[in-house]
Amino acid sequence: MDDSALCVAIIGAGLSGLALALALHQQGINTSVYEARDAPLDIGGGLMLTPNGLKVLEKLGIYQFLNTQGYNFDRIYFQDGDSGRILETIEYGGLKRHGIRALRTYRRTVLKELLAKTHEEGIPIHFGRKFTQIVSETDDNVTWEFADGTTETASLLIGADGIHSTVRRYLAPGVEPTFGSMAAIVAAIPTAQLELPKADLDDLNNASNANPLPGGIVVPKVGAFVIAPQTFSGDEVMITVQRAMSEATHGHWTDLDADKEALKALFRQNADRFPPMVQNAVRDTPHANLKIWPFYHIPRLNRWTSAQAPGGCGRVAILGDSAHALPPSAGQGVNQAFEDAYTFALVLGRLILNSSIQKPTNDQLQKTLYSWQLFRQARVDRVLDLNRQMDLRRMPGAPDKDITAMDSAFDWPFKIDFDAGVTECMESADVTL
Ligand SMILES: Cc1cc2nc3c(=O)[nH]c(=O)nc-3n(C[C@H](O)[C@H](O)[C@H](O)COP(=O)(O)OP(=O)(O)OC[C@H]3O[C@@H](n4cnc5c(N)ncnc54)[C@H](O)[C@@H]3O)c2cc1C
Ligand SMILES: *[C@@H]1O[C@H](CO)[C@@H](O)[C@H](O)[C@H]1NC(C)=O
Ligand SMILES: *[C@@H]1O[C@H](CO)[C@@H](O)[C@H](O)[C@H]1NC(C)=O
Ligand SMILES: *[C@@H]1O[C@H](CO)[C@@H](O)[C@H](O)[C@H]1NC(C)=O
């Protein structure tokens with residue numbers, strides 16, 4: 001290791017890890033990525049990307065490749081399943097209000113483009129290297145071990161290793177993902193199967209359609225279906241429902257996922273209470289993309305960096321799902337992870353730019369990273385609150401009043417001023433440089 005400059009090791013080449021590598025690279029910070037698998041983990045399916053996350057991808061130079069590979073839209077509609085009335089329209093994106101449209105695309109597409117960009121930038125990614133533990137942390141560096149027994153040293157180590165994070169064990173021993181007693185059943189079907197009127201098919205997101213998409217179709221006390229186009233032309237939609245799951249199902253997800261006929265039955269539960277579009281959607285769901293996703297989340301952590309850990313030197317941090325895996329209902333998991341990655345790199349970049357010796361002291365680093373954690377945690381706490389509101393309306397038995405309780409003008413999750421946030425972070429860290 002060249003000890004005259006900072007070098008950052010990233011554990012995990014998933015969505016967070018690859019975004020962080022690109023963001024650090026943009027700040028002129030040397031970085032290496034270590035991934036346990038032979039390729040980034042792709043659990044399949046699609047992602048709903050909102051302006052806050054998309055703006056990060058734009059700054060990282062990959063949005064321009066993504067928006068041609070997914071469904072671009074501005075609004076999500078909540079529709080009353082009984083009357084067909086649109087109860088609520090939420091702007092998830094749009095050029096006028098947000099400067100960028102919302103996008104739904106396959107997870108593998110985002111991973112592919114992030115990976116292509118890291119190759120282009122010459123950022124080293126080491127596959128088949130599984131992190132096992134931190135060996136030591138000093139005022140200058142951190143040393144860790146891989147499953148093959150080898151060790152490496154860097155100035156900083158960032159755990160971007162997902163909900164089942166091993167790096168997290170060092171910062172929050174004993175914290176495990178919590179089962180939310182809910183699961184989503186997800187499938188992909190041709191849009192033609194919905195049998196929408198021809199005019200609707202031409203412009204799926206148009207508010208004057210009878211069934212505008214993406215849409216949440218809500219039947220009070222019964223539940224909600226979500227239908228969302230996920231290809232550029234909109235010729236394929238993701239369909240999903242949320243179901244309460246007993247504690248007994250915990251740990252049996254592989255078996256449940258393998259029983260596709262049982263999943264189909266879960267899909268069809270109460271489908272007759274919904275409009276024809278939903279009944280058409282669940283009539284036949286191809287096994288290939290039919291999956292069950294249990295909701296797990298990480299309990300709120302006090303510590304995302306080792307700055308506050310007993311004996312810690314602030315040389316280890318976590319972000320993305322490792323730090324705050326969110327329930328999927330608000331669709332902010334990866335969007336918040338991209339915010340984490342981008343602001344982390346900006347904060348570190350400012351610190352280095354401001355310190356004449358190019359290498360911040362331990363004290364400067366600790367204060368700055370802790371300040372970054374508080375800044376990020378405040379955003380994530382608000383998203384958790386939003387998740388609770390979303391769950392209320394999607395679950396069977398939701399009281400009527402909650403269906404329309406949310407403020408339809410809300411747009412705070414999609415708005416973030418990265419520079420202002422980072423300036424605030426640096427000021428509250430109050431580091432003397
Ligand atoms: C069904 C479902 C739908 C979702 N839909 C959305 C959505 O629409 N919008 C949204 O914003 N979010 C969504 N999310 C959440 C989103 O998937 C996560 O927030 C996101 O994947 C987090 O990225 P990550 O990089 O932190 O973790 P991961 O994607 O889990 O990546 C972690 C990486 O670390 C690697 N790794 C793990 N352990 C080690 C180790 N010991 N050593 C080295 N490498 C290791 C893994 O192999 C993996 O490549 C959804 C989640 C689910 C389950
Ligand atoms: C980054 O690594 C390259 C190649 O290993 C080296 O030439 C360069 O000096 C390093 N830069 C910093 C800031 O460490
Ligand atoms: C790590 O830091 C310690 C103490 O600051 C130093 O003695 C050691 O040489 C450093 N290790 C590497 C590999 O740079
Ligand atoms: C939506 O459809 C209506 C009726 O077909 C049309 O007049 C209108 O221009 C469309 N709106 C948009 C934003 O395309």
Side-chain angles (χ1 to χ4, degrees), residues 8-12 14-17 19-20 23 36 41 52-53 131-134 137 142 144 156-182 250 294-348 362 365-388 391 413 416 421-422 424-425 428-429:
V8 179
I10 299 169
I11 305 299
L15 294 161
S16 308
L20 178 63
L41 171 66
N52 50 327
F131 167 93
T132 49
Q133 61 176 339
I134 303 289
E137 215 187 333
V142 49
W144 70 96
L156 277 174
L157 177 136
I158 314 302
D161 52 344
I163 188 166
H164 302 290
S165 172
T166 310
V167 179
R168 186 177 58 230
R169 286 185 198 151
Y170 177 70
L171 300 171
V175 171
E176 292 297 329
T178 304
F179 178 42
S181 299
M182 272 187 271
H250 175 46
F295 289 10
Y296 283 89
H297 65 272
I298 297 297
R300 195 176 187 282
L301 302 178
N302 293 324
R303 212 180 275 143
W304 295 10
T305 86
S306 62
Q308 270 62 46
C313 303
R315 300 273 153 185
V316 180
I318 51 175
L319 48 67
D321 271 16
S322 171
H324 54 70
L326 297 159
S329 26
Q332 276 295 311
V334 74
N335 290 295
Q336 291 303 313
F338 286 154
E339 286 187 13
D340 285 354
Y342 193 64
T343 55
F344 186 92
L346 283 187
V347 162
L348 209 56
N362 215 39
L365 193 65
Q366 290 195 10
K367 282 182 176 157
T368 307
L369 293 191
Y370 185 55
S371 180
W372 167 82
Q373 174 192 325
L374 296 180
F375 162 58
R376 293 304 309 148
Q377 220 154 19
R379 284 274 289 173
V380 168
D381 285 349
R382 282 189 83 181
V383 171
L384 277 170
D385 216 45
L386 180 64
N387 266 296
R388 278 187 283 274
D391 283 339
I416 177 169
V422 166
E424 206 177 292
C425 236
S428 66

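Side chains are part of it too, since the values below use all heavy atoms of this structure and drop only hydrogens, waters and symmetry mates. Computed from a predicted model, the values in this text were never measured in an experiment.
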Subject >> Ser165 OG to Phe131 CZ distance, which is reported to the nearest 0.5 Å >> reply: 8.0 Å

**OP:** Check whether any side-chain heavy atom of Leu348 sits under 4.5 Å from a side-chain heavy atom of Leu365, and report yes or no.
**Re:** yes

**OP:** Measure the spacing between CG of Leu319 and CD of Gln373 and express it to the nearest 0.5 Å.
**Re:** 11.5 Å

Original post:
Using 4.0 Å as the upper bound for N to carboxylate O, is an ion pair formed by Arg300 and Asp381?
Top reply: yes

Original post:
With under 30° as parallel and over 60° as perpendicular, where do the rings of Trp372 and Phe344 fit, or are they tilted in between?
Top reply: perpendicular

Subject >> Test item: Gln336 side-chain N/O and Val380 main-chain N/O as donor-acceptor pair under 3.5 Å >> reply: no

Original post:
If you look at every heavy atom in Pro299 and Val175, which pair is closest and at what distance?
Top reply: CD-CG1, 4.0 Å

Original post:
Taking all atoms of both residues into account, what is the closest heavy-atom pair of Ser306 and Gly314, and its distance?
Top reply: OG-N, 3.0 Å

Original post:
If we only count heavy atoms from C-beta on, is the Thr305 to Gln366 side-chain gap below 4.5 Å?
Top reply: no

Original post:
What distance do His324 atom NE2 and Ile298 atom CD1 have between them, rounded to the nearest 0.5 Å?
Top reply: 10.5 Å

**OP:** Ignoring hydrogens and angles, tell me if any N or O in the side chain of Arg303 forms a donor-acceptor pair with the backbone of Leu171 under 3.5 Å.
**Re:** yes

Original post:
Minimum heavy-atom separation for Ser16 to Ala341, with atom names?
Top reply: O-CB, 4.0 Å

Subject >> Pairwise side-chain contact, Leu386 with Pro413, heavy-atom cut-off 4.5 Å (strictly under) >> reply: yes

**OP:** Could you tell me which non-hydrogen atom of Leu301 sits nearest to which non-hydrogen atom of Ser322, and how far apart they are?
**Re:** CD1-O, 4.3 Å

Subject >> With Trp304, the side-chain contact (heavy atoms from CB on, under 4.5 Å) member among Val316, Leu374, Leu369, Ile318 >> reply: Ile318

Subject >> Atom pair CD1/CZ of Ile416 and Phe375 - distance to nearest 0.5 Å >> reply: 4.5 Å

Subject >> Student check: side-chain heavy atoms of Leu156 and Val142 closer than 4.5 Å >> reply: no

**OP:** Can you run down the salt bridge (charged side-chain N to carboxylate O under 4.0 Å, His left out) pairs that involve residues 161-171, sequence neighbours left out, and say none if there aren't any?
**Re:** none

Subject >> Atom of Ala337, atom of Gly320 and distance for their closest heavy-atom approach >> reply: CB-CA, 3.8 Å

Subject >> Separation between CG of Asn52 and CD of Gln332, rounded to the nearest 0.5 Å >> reply: 4.5 Å

**OP:** Any chance you could measure Leu20, atom CG, to Thr343, atom OG1, to the nearest 0.5 Å?
**Re:** 9.5 Å

Subject >> Minimum side-chain heavy-atom gap Thr166-Ile11 below 4.5 Å >> reply: no

Original post:
Taking Gln133 for the side chain and Tyr170 for the main chain, is one N or O donor matched with an acceptor at less than 3.5 Å?
Top reply: no

